[in-house]
Amino acid sequence: VSMTAFTVVRRAIATIPRTIRSNRAFYAFPNVKPFDAVLARFILETVLTIMGGAVLLFLIWWFLDLAIDMDWFLHGFGIFAILLVWSFGISLFIGVYGTRFPVLFKAIQLASRGLMFLSAVVHPLSELPPEAQYYISWNPIAHGMELMRKYFLGMQPFQDVSLGYVVTWAAATLFLGFLSYYVNRRKVIER
């Protein structure tokens with residue numbers, strides 16, 4: 001459950017922002033904007049990741065007889081949608097400023113290497129020591145992963161998990177992504 005959502009977030013940080021730079025030839029057409037390239041790549045990556053995650057969950061169900069709790073399926077999918085909003089905002093932000101300042105791509109790629117361990121993807125936060133729980137609880141992705149485990153698998157999350165925290169971060173990153181695009185849209189095309 002966590003790997004599918006984390007893969008979308010990881011691709012939003014690592015691969016999707018590079019589409020602004022790699023599709024510069026299309027910006028000569030009057031109706032094509034850098035936003036279109038990011039949106040198209042984000043949709044493609046998300047659909048492919050969801051399809052792969054569905055196949056993986058089907059195989060887990062088929063061979064290991066582990067099934068998703070369908071009572072809270074829409075709640076879990078809502079958390080996944082919130083993580084998608086966060087991912088799109090961060091990919092738009094990194095895409096705009098990474099195109100303007102290419103060293104940012106390398107810095108973000110280096111900084112995101114340990115994101116899997118800091119996002120509670122492999123182990124639930126409730127299994128970690130209290131000191132680690134405190135520091136990882138600052139990561140909004142970890143809150144999303146815990147809430148997805150709660151709704152999809154029926155696992156009890158750690159005590160400080162907050163839906164409001166995830167929603168606030170998603171709204172803030174989406175706002176910053178659109179703001180950075182609006183302010184720098186002409187500079188991104190010129191470079």
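Note that the structure is predicted; figures quoted are calculated from it, not measured. Counting from 1, the numbers follow the sequence of the chain as shown.
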J.: Indicate whether any N or O donor in one side chain lies under 3.5 Å from an N or O acceptor in the other, for Ser137 and Asp160.
T.: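 There is no such pair (donor and acceptor under 3.5 Å, judged by atom type) between the side chains of Ser137 and Asp160.
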J.: Scan for ring pair (Phe, Tyr, Trp, His ring centres under 6.0 Å) pairs involving residues 25-57, sequence neighbours excluded, and state none if there are none.
T.: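 The answer is Phe35-Phe88, Phe35-Phe178, Phe35-Tyr181, Phe42-Phe88.
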J.: Report the relative orientation of the aromatic rings in Tyr97 and Phe101; use parallel for angles under 30°, tilted for 30 to 60°, perpendicular for over 60°.
T.: parallel
J.: To check you understand the geometry: which heavy-atom pair defines the closest contact between Ile141 and Leu83, and what is its length?
T.: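 Result for this residue pair: CA-CD2, 4.5 Å.
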J.: What pair of heavy atoms forms the shortest contact from Asn31 to Asp36, and how long is it?
T.: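 Nearest heavy atoms, Asn31 then Asp36: O-OD2, 3.4 Å.
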J.: Rounded at 0.5 Å granularity, tell me how far NE2 in His75 sits from NZ in Lys150.
T.: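 One finds 9.0 Å between NE2 of His75 and NZ of Lys150.
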J.: Restricting to ring pair (Phe, Tyr, Trp, His ring centres under 6.0 Å), what partner residues turn up for Phe58, sequence neighbours left out?
T.: Trp61, Trp62
J.: Decide, yes or no, whether a salt bridge links Glu45 with Arg41 under the criterion of side-chain N to carboxylate O below 4.0 Å.
T.: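 Here Glu45 pairs with Arg41 in a salt bridge, since their nearest N and O are under 4.0 Å apart.
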J.: Could you grab the distance from atom CZ of Phe158 to atom CD1 of Ile136, nearest 0.5 Å is fine?
T.: 9.0 Å
J.: Looking at every heavy atom in both Pro102 and Arg21, which two are closest together, and how far apart are they?
T.: CG-NH2, 2.9 Å
J.: Out of curiosity, Leu44 CG to Arg11 CZ, how far, rounded to the nearest 0.5 Å?
T.: 9.0 Å
J.: Look up atom CZ in Phe152 and atom CZ in Phe80, then write down how far apart they are to the nearest 0.5 Å.
T.: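 If we round to the nearest 0.5 Å, Phe152:CZ and Phe80:CZ are 8.0 Å apart.
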J.: Between Ser162 (side chain only) and Tyr165 (backbone N and O only), is there a donor and an acceptor less than 3.5 Å apart?
T.: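 Yes, because the side chain of Ser162 sits within donor-acceptor range (under 3.5 Å) of the backbone of Tyr165.
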J.: Please report the shortest heavy-atom distance between Ala12 and Ser91, naming the atom on each side.
T.: O-CB, 3.1 Å
J.: So, Glu146 side chain and Pro157 main chain: donor-acceptor pair closer than 3.5 Å or not?
T.: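 No, Glu146 side chain to Pro157 backbone: no donor-acceptor pair under 3.5 Å.
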